[in-house]
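Computed from a predicted structure; not experimentally measured.
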Amino acid sequence: MPALATHRKPRTTRPQSPAVGVTTAALASVTLLSGQSAQAAPAAPATPVAKPTVEEIQQKVDRLYREAGVATQEYDRAKEATDRQRRELGKVLDDVARRTDEINTSRRALGAYAAAQYRGGAVGPTATLIFADSPQDYFDQTHLMDRLSQQQREAVRTYESQRAAAAKQRQEATRSLAALTASQNKLRRTKQTVQGKLAEARTLLAKLTAEEKARLAELERKREAEARRKAEEKAEAEAAAKAAAEEAARKEATPTPTPTTPTPEPTPTTPPTGDGSTYAAKAAEALAFARAQIGKPYVWGATGPESYDCSGLTQAAWRAAGVDLPRTTWDQVKVGTRVATADLLPGDLVFFYDDISHVGIYIGNGKMIHAPKPGAYVREESIYYMPIYGSVRPA
């Protein structure tokens, strides 16, 4: 009997997949090798940050002080506006209080009329007016006015006028309060700016080594020496100009005699009068005040008497001479007459930097009295210590 053919499909042999553990190990090996290769590759050298030189630090500190000076002038202006607006708001509130008292007086008068009408047996038009939401609308009804006596009509008009004036005063008070709030916010922001600039400058200086501080001091000495040299040159020029003027005046006062005319008796000369001598007198008072402040500390925003900033000192000095100057350098530079550096007279105001952030009062011979910067004191110094912007004669 022949063997029956099987109908079973032949078993197919599937290729064996690698074990999971083997595959993971292989991947780990690749990762390890990659990591080792990365570690073996030399890292790119970091670019060293060059330490700023002492000269660069000096320039940055000077710039920070200048920026603080600008912010100080902004602070001074904001403080001046705040003080002015606070005074104006006080006056407005006083007016509001006065108007309120007047309204209450008129209200009591109208109340008396209403009470009299009520006692007469009816609620009259005066009472209706007092309790109305809009008296003006009610007044438009002309028949009401005909029913009121002349005295009552006058009382109603007064009351309504006072109410309108009080409403206007309240609106003005609201505007004044908004302006005051804005000025106070600006005052706070500029104060933070000044403090931030000064703190940054102090931090830079605190990081200097002893050697760097000595180098910085040497740079400062050279700067001061150069400023003194220029001041001395100006002093010599001023002395020469004064001598020439005196010689010209002497020759003019002594006429040359002629053979045919007897020499006249010299007449006594009187000191010159006019604007020049008046200005000199006022300038002398301002300079006397400024000299009395030498040694007092610079404090930004200060106007005396114990400390000053630069424009606070010049303002106080000229106030002592009876001349009122604005508060900031930006406003002081607009006062009086512009003069060239070569034509400076004692008492003139000298302004510095393109942003006009500093000012001193000229004393002659190329020098000034000024409140320099935070950490310094009111002192005499060459006007050439800083770049000059321009000068004015304030009176």
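Checked for salt-bridge contact, K79 and D76 miss the test: no charged N lies under 4.0 Å from a carboxylate O. Using a cutoff of 4.0 Å between basic side-chain nitrogens and carboxylate oxygens, E56 and K60 are not scored as salt-bridged. Ion pairing between a basic and an acidic side chain is recognised when a charged N comes within 4.0 Å of a carboxylate O; E80 and R327 show no such pairing. For the pair R221 and E218, the salt-bridge criterion is met [side-chain N within less than 4.0 Å of a carboxylate O].
Looking at heavy atoms from C-beta onward, I361 lies out of side-chain contact with H370 at the 4.5 angstrom threshold. Inter-residue side-chain proximity for V61 and L205 is flagged as met; some heavy-atom pair is nearer than 4.5 Å. In this structure, the side chains of Y75 and W300 come closer than 4.5 Å at one or more pairs of heavy atoms.
Closest approach of K367 and Y362 over heavy atoms only: O-CD1, 3.0 Å. A pairwise comparison of heavy atoms in P394 and V335 identifies O-CG1, 4.0 Å as the closest pair. Scanning both residues, T303 and Y308, for their nearest heavy atoms gives O-CE2, 3.4 Å. Of all the heavy atoms in T329 and I356, the pair that sits closest is OG1-O, 2.6 Å.
Panel note: side chain E74, backbone T190; no donor-acceptor pair is recorded below 3.5 Å. Using modelled atom types, one side-chain atom of N185 and one backbone atom of T181 make a donor-acceptor pair closer than 3.5 Å. Q293 places no side-chain N or O within donor-acceptor distance of the main-chain N or O of L313, the cut-off being under 3.5 Å.
Judged purely by distance below 3.5 Å, without hydrogens or angles, the side chains of S391 and R338 never pair a donor atom with an acceptor atom. A donor and an acceptor atom, one from each side chain of Q332 and T314, are located under 3.5 Å apart.
Applying the ring-ring contact (aromatic ring centres under 6.0 Å, His included) test to every pair with at least one member in residues 317-337, sequence neighbours left out, gives these pairs: Y279-W318.
By the side chain to side chain donor-acceptor pair (under 3.5 Å) test, T209 is found to be paired with E212, residues two or more places apart in sequence or in another chain being considered.
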